[in-house]
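From a predicted model like this one, the values you see are computed outputs, not experimental measurements. Per chain, numbering begins at 1; letters A, B, ... match sequence-line order.
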Protein chains: 2
Amino acid sequence: MANRADALRDALEEEIVMGALRPGDRLEEPALAARFGVSRTPIREALLQLAGAGLIEIGPRRGASVAAIGPRRLVEMFDVMAELEAMCASLAARRASAEEIAAIREAHAACGAATRTSLDAYYYENEVFHERIRTASHHGFLIEQATALQKRLKPYRRLQLRVRGRMDASWAEHARVVDALAAGDAEAAAAAMRDHVVVQGARFTDLIVSMEAEAAP
Amino acid sequence: MANRADALRDALEEEIVMGALRPGDRLEEPALAARFGVSRTPIREALLQLAGAGLIEIGPRRGASVAAIGPRRLVEMFDVMAELEAMCASLAARRASAEEIAAIREAHAACGAATRTSLDAYYYENEVFHERIRTASHHGFLIEQATALQKRLKPYRRLQLRVRGRMDASWAEHARVVDALAAGDAEAAAAAMRDHVVVQGARFTDLIVSMEAEAAP
DNA sequence: CGGCACCTTCGTGTATACACCGATTGACCT
DNA sequence: AGGTCAATCGGTGTATACACGAAGGTGCCG
């Protein structure tokens with residue numbers, strides 16, 4: 001739609017997703033307008049779009065602030081994400097072409113290499129891995145929904161990886177998904193992906209601790 | 001957020017969902033502003049929110065129009081809806097209280113009565129039935145997502161019921177869901193709900209025909 | 001008579017101005 | 001001195017004004 005409003009939306013989205021703007025931060029229209037050198041109007045439109053995507057929250061007469069997600073809600077969001085990604089995996093197991101399987105294998109290998117590099121490297125390669133599986137589902141609407149939800153969860157996924165050993169565990173879980181996809185086993189692929197994404201058991205506690213550690217300073 | 005913009009959003013949403021505004025209809029800001037007796041500003045905000053919810057589409061320099069969903073995309077949306085509702089049913093099978101099960105049974109009975117009344121009556125009672133199952137899932141975020149998607153599909157669900165015999169078939173499918181819920185069988189509940197919502201086989205063709213019949217005049 | 005070009009008009013995109021509401025701060029009263 | 005009330009200020013919500021671009025209609029030319 002609007003040229004400027006769209007650009008602003010993308011810019012703000014980037015800042016939120018990448019963590020430059022942290023959950024709870026207030027977004028005041030005059031300040032943003034001055035910062036980007038535009039009037040308040042396109043700022044407001046950008047904010048409304050971000051609110052529609054769930055990245056920020058707008059209260060009546062209280063302005064906008066980056067969506068702050070409580071622990072319970074966060075776990076619920078990962079629940080739904082797990083189901084959507086499981087659906088992607090299930091479809092991909094049946095629909096993926098040989099090239100797509102190869103691309104997924106490649107991304108998996110890159111993840112493996114990244115486990116010996118840095119957390120940030122793994123974070124990035126992990127994104128690629130998941131995205132390729134989603135693409136291989138050949139399900140346009142599902143891809144849209146999963147991608148949208150993934151954006152909202154992006155800041156928190158990085159958090160999850162900080163737990164010691166989580167990166168290696170994550171890579172091992174990926175391996176199970178890859179095997180199931182290669183075997184064309186939709187059920188197994190879905191189950192492996194669901195288990196990989198969902199936050200339960202010990203990982204629930206880990207997440208809570210990470211969130212509190214993040215919120216402290 | 002905005003008092004007026006919010007009210008306008010609800011009003012327009014109502015008109016879209018209820019079919020007063022049909023897919024493809026253009027929404028011109030000056031016309032809407034005149035009709036509601038407000039300026040263009042809150043109209044624009046309402047439109048942006050509706051676009052965020054996926055109910056309308058906004059093109060660059062082309063204004064807004066009610067989202068026109070093609071057959072393929074529509075089927076995909078029902079696919080995802082089926083998965084979300086299946087998840088609701090699965091959770092409800094494990095979490096629903098005795099009162100909630102009773103409420104679902106009651107809604108099911110109301111649906112049965114409505115099959116002998118009218119299509120519109122069944123349509124309404126069907127909504128109640130599904131909503132109560134969603135509520136019984138006790139999963140806030142899932143409920144939100146499912147409800148949002150259901151709004152987008154509302155106009156087309158009514159379409160589906162027009163197929164001869166679909167109403168009775170739908171009620172029979174509901175019965176399977178209710179039985180599984182009452183038995184606390186999460187797997188069976190999910191499967192029954194998924195089969196109920198998804199559009200496949202003969203129902204795919206039925207939907208296409210209904211859409212073409214609707215688009216003709 | 002038909003096609004093309006130009007002009008007019010309408011609609012969107014952005015900026016600016018104004019009104020209302022809430023919050024915060026200072027002063028006054030107890 | 002502490003609490004409360006009021007006033008001011010900052011920020012959102014709405015309206016209006018203006019500019020750009022697109023689409024459609026009309027007139028002219030082939």
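No donor-acceptor pair under 3.5 Å is formed between the side chain of A/Ser170 and the backbone N or O of A/Arg166. The main-chain N or O of B/Ala86 is never found under 3.5 Å from a side-chain atom of B/Ser90 such that the two would form a donor-acceptor pair. Side-chain atoms of A/Arg203 come within 3.5 Å of backbone N or O of A/Val198 as a donor-acceptor pair. For B/Arg132 (side chain) and B/Ala103 (main-chain N/O), a donor-acceptor pair under 3.5 Å exists by modelled atom type. B/Glu100 contributes a side-chain N or O that, together with a main-chain N or O of B/Ser97, makes up a donor-acceptor pair within less than 3.5 Å.
The CG atom of B/Leu48 sits 14 Å away from the P atom of D/dT14 (whole-angstrom rounding). Between A/Glu29 atom CD and C/dT14 atom P there is a gap of 15 Å when expressed in whole angstrom units. B/Asp6 places its CG atom 14 Å from the C1' atom of D/dT14, with the value rounded to the nearest Å. Distance A/Ile43 CD1 to C/dG13 P: 16 Å, rounded to the nearest Å. The nearest whole Å value for the distance from the CZ atom in A/Phe36 to the P atom in C/dT14 is 14 Å. Remark: P of D/dG11 and CG of A/Leu32 are 11 Å apart, rounded to the nearest angstrom. Rounding to whole angstrom units, CG of residue B/Asn3 and P of D/dT14 are separated by 7 Å. A straight line from CZ of A/Arg26 to P of D/dG11 spans 8 Å, rounded to a whole angstrom.
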Check your understanding: Could you go step by step and tell me if A/His138 and A/Leu91 meet the side-chain contact (heavy atoms from CB on, under 4.5 Å) rule?
Key -> CA-CA 8 Å; A/His138 295 272; A/Leu91 288 169; over 6 Å; no
Review point. What do the steps show when you test A/Glu125 against A/His108 for side-chain hydrogen bond (donor to acceptor under 3.5 Å, both in side chains), and what is the final call?
Key: CA-CA 8 Å; A/Glu125 297 298 344; A/His108 179 53; over 6 Å; no
Are any protein N/O atoms closer than 3.5 Å to N/O atoms in nucleotides 15-19 of chain C? If there are, list each pair with its distance.
from: C/dA15; atom 1: OP1; to: A/Arg4; atom 2: NH1; distance (Å): 3.4
from: C/dA15; atom 1: OP2; to: A/Ser39; atom 2: N; distance (Å): 2.8
from: C/dA15; atom 1: OP2; to: A/Ser39; atom 2: OG; distance (Å): 3.2
from: C/dA15; atom 1: N7; to: A/Thr41; atom 2: OG1; distance (Å): 2.9

N/O contacts under 3.5 Å, protein versus nucleotides 23-25 of chain C?
none

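Taking the charged nitrogens against the carboxylate oxygens, A/Glu45 and A/Arg9 have no contact shorter than 4.0 Å, which rules out a salt bridge.
More than 12 heavy atoms of other residues, nucleotides or ligands shown are found within 6.0 angstrom of CZ on B/Arg95.
When heavy atoms are screened at a 4.0 angstrom cut-off, B/Leu27 is found touching the sugar-phosphate backbone but no base atom.
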